[in-house]
Structures are given as structure tokens and as C-alpha cells.
Amino acid sequence: MSASFPSQPDILIPGPAGDQPFRPPLVMGILNVTPDSFSDGGRLGGVGAAVAAADALLAAGADIIDIGGESTRPGAAAVTADDEIARTVPVIKALRDRGVTAPLSIDTMKAAVARAALDAGANIVNDVTAGTHDPAMLPLCAERGCVLVLMHMRGTPRDMQTRTDYPDVVGEVRDYLAARVEAAVAAGIARHRLWIDPGFGFAKLPEHNCELVNALETLAGLGCPVLLGASRKSTLGQLTGRPVNDREPESLAAGLVGALKGASVLRVHEPGPMKRALIVARAMTRGSG
Ligand code: PMM
């Protein structure tokens, strides 16, 4: 591995005052507003808890908050668009009303949810189906000029772990993402608004996830910022035998290797440690590579 961060241009994220430049790697803090994440699942009282959690992520140094109202864990049950909107939109509105200017991302595969979140002040749509679940998703993102994250997965979160046979996982993920980028551009989305994501843990075995992180340079070669979401995932637990609530060192290691291999955005539960690790790694690799 070249022990230095690949040089990358600033990433532009649209905001109320025009495009805002960010120097990669960026850290995206995860805010899950599902019933199991806050006691009352994003209903009125839960908004305060979710806003406090977002404040803590920002105070720890998160550049972006990714807000999700539907669990995409293997086997998770589907939720309706109305439920997802009720969980996420009040949180986005509350953050904007309090003057939070950081980019906000909505983690959804439904255009109706994305539309409501964009109306409330989100700037990024994070779609784990890369716009394949809902035909209205690409046209919506084209019309709104938001950033769209295109992630690789096979099947749905319900059945994806039964679809893990790959003759060439890196080639398949690269070709899939390249095709989704072209589909998004054909739908009218500006190329520089598209981020790509190998989908760590989505329809993949631990060896596939590791191989993909090791090959992130190949994906970065497609010319779009690469997002990596490895934080706390089961592959990390399988490597060290640690439970989900005790995988911070594993998550930091995955994030650092990802950044050194060309990831531009790291989606993590603990932005503070990730930011600090990146500062040290950057200082120690300056001038090399
Ligand atoms: N992982 C999860 C949810 N959303 N979005 C993107 N773009 N990439 C990911 O890897 C990703 C995602 C599931 O992780 P969580 O349950 O810890 O939020």
C-alpha cells in the first residue's frame, strides 16, 4: 500500500449559499432514527434526542450527517415512505431551524422520502440501491441538483446475504457502479454530483469486503468520490471476534485503510476518533507517496 493519501480535488456539496468545498477525506456521521435507535422512534419526543445526537456528531467533527429512517441490516423489515418521512423529516427541519449548516444526507431508497428530506433542507441523497429501487429517484435528483450516492448491492437488504457468489467481486462492483453513473448522467444528474460506494457488507462475504477495500483505487479510477461505510459492520467482528458495540478500533483501521486507498468519504458511527486518526495519518504521510 502506498502510505499516503491519494491527492484528490475538493468535493463540492450544494448548500443554501451555493456550492461549499470540502477537502477529502470527509467524515460522515451516522444518525439512525429507527425505532430501535431512539426510544420512541423519531416521533415528537424522539426529535429532541435525535437532534442532540446530531449535535454530538457535529461537535466531534463530522463534516456531514447521514440520517436514515429504515434499517438496511441483513433481514431487516421494510417500512413505508410515510413512516420514514415521519422519522427523518422533523429531525432535518429541526437541525436547519437551529441554524445547522453542515450538509445533511438522507439515507433512503424511496423518492418520496428523498423529496421530503430535500424540501426540509437535506443536500445529499444516499441510496443503497443506486436508484434502481424507485424509478423516480434519478429524475428527482437531476431536478434538485443534490449529491447522489450510488451504492452496490445485490437483491434487497432482506435477501442480499443469500447472493454472495462472485467470480470477480471487484470487477462486478466496478462495472455496476460505472453503469449506474452513466444511468444517472443520462437521467440528467451532473457527473460531479455523483459519489460511488462499494457497499461494504451488502451481499458480500468478509473476504469480498476486504478485497473491495484493498481495491478502492480501482473504484476511485471511475472519477467519482468514493464513500466507504465499514463502521462496526459484521465483517470487522468476524475478523476480531468483537461484538457490534465494541468495534471502534476495527472501524478506525478500516476507515484509515480506506482513506489511504482513495476513499473520499468515510461513513462512521464515531466521527471524533476517525477525524483524529486521519489527522495523525495525514501528518505522518505528508510528502510521501
Ligand atoms: N451502510 C448502512 C446503511 N447505509 N449507505 C451507504 N452509502 N454505504 C453503506 O455502507 C451503508 C449505507 C448500514 O450500516 P448501519 O446499519 O451501521 O447504518
Side-chain angles (χ1 to χ4, degrees), residues 11 25-38 42 50 53-54 57 62 64-79 84 87-88 103-110 113-114 117 122-133 137 141 146-154 156-158 160-161 173 176-177 180-181 184 193-204 206 208-210 212-213 216 219 224-237 243-248 250-251 254-255 258 263-271 274:
I11 296 179
L26 278 68
V27 172
M28 173 186 256
I30 300 169
L31 185 64
N32 285 322
V33 286
T34 48
D36 53 349
S37 46
F38 292 102
L57 293 169
I64 305 168
I65 307 285
D66 186 41
I67 301 165
E70 177 180 32
S71 176
T72 48
R73 299 226 167 86
V79 298
E84 250 185 277
R87 290 172 187 175
T88 56
L104 301 178
S105 159
I106 178 73
D107 187 348
T108 188
M109 56 181 88
K110 301 184 187 79
V113 178
N123 327 74
I124 300 170
V125 173
N126 174 20
D127 183 354
V128 297
T129 76
T132 63
H133 173 77
M137 188 64 103
C141 294
C146 59
V147 167
L148 173 62
V149 183
L150 300 167
M151 196 193 81
H152 175 271
M153 171 171 51
R154 279 176 171 178
T156 67
R158 258 64 63 193
M160 63 186 178
Q161 288 312 105
V173 169
Y176 176 87
L177 293 175
R180 294 313 299 158
V181 166
R193 294 292 189 224
L194 296 167
W195 300 357
I196 54 175
D197 181 340
F200 190 104
F202 286 84
K204 289 162 195 100
H208 300 133
N209 293 317
C210 293
L212 280 164
V213 173
L216 282 186
L219 301 184
C224 296
V226 175
L227 186 152
L228 178 66
S231 181
R232 293 188 188 167
K233 287 193 175 158
S234 66
T235 286
L236 306 182
V244 66
N245 58 358
D246 182 23
R247 294 181 188 154
E248 193 47 31
E250 292 83 344
S251 302
S264 299
V265 185
L266 302 170
R267 182 182 181 276
V268 301
H269 296 85
E270 295 269 9
M274 191 73 252

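Ligands are counted one by one from 1 in listed order, and the atoms in each one are counted from 1 as well. In this text, all values refer to a predicted model and were calculated from it rather than measured experimentally.
Here the CG atom belonging to L212 is positioned 6.5 Å from the NZ atom belonging to K204, to the nearest 0.5 angstrom.
Considering M28, R267, M109 only, the shortest heavy-atom separation from atom 14 (O) of ligand 1 involves R267. Across D197, N209, D107, N32, heavy-atom proximity to atom 4 (N) of ligand 1 is greatest for D107. Comparing N126, L228, V244, T72 by heavy-atom distance to atom 13 (C) of ligand 1, the nearest is T72.
Using a 4.0 Å cut-off to heavy atoms of H269, the atoms of ligand 1 that qualify are 17 (O). Numbered from 1 in the order shown, with element, the atoms of ligand 1 that lie under 4.0 Å from a heavy atom of K233 read 1 (N), 2 (C), 9 (C), 10 (O), 11 (C), 13 (C), 14 (O). Against a heavy-atom cut-off of under 4.0 Å, M151 is close to the following atoms of ligand 1: 6 (C), 8 (N), 9 (C). Those atoms of ligand 1 that come under 4.0 Å of a heavy atom in V128, given as number and element, are 4 (N), 5 (N), 12 (C).
Not a single heavy atom of R232 sits under 4.0 Å from any atom of ligand 1.
The closest donor-acceptor contact from the side chain of N209 to the backbone of F200 lies at 3.5 Å or more, if one exists at all. N123 places a side-chain N or O within 3.5 Å of a backbone atom of L104 that can act as its donor or acceptor partner.
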Next on the checklist: Quick one, L148 with R193, criterion side-chain contact (heavy atoms from CB on, under 4.5 Å). Give me CA distance, side-chain angles, the key distance, then yes/no.
Outcome noted: CA-CA 6 Å; L148 173 62; R193 294 292 189 224; over 6 Å; no

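D127 is linked by a salt bridge (Lys or Arg N to Asp or Glu O under 4.0 Å) to nothing, counting only residues two or more places apart in sequence or in another chain. Partners of E250 by side-chain hydrogen bond (donor to acceptor under 3.5 Å, both in side chains), not counting sequence neighbours, listed by chain and number: T240.
Between G229 and ligand 1, at least one N/O pair is under 3.5 Å apart.
Counting only heavy atoms from C-beta outward, the side chains of D66 and L31 never approach each other to under 4.5 Å.
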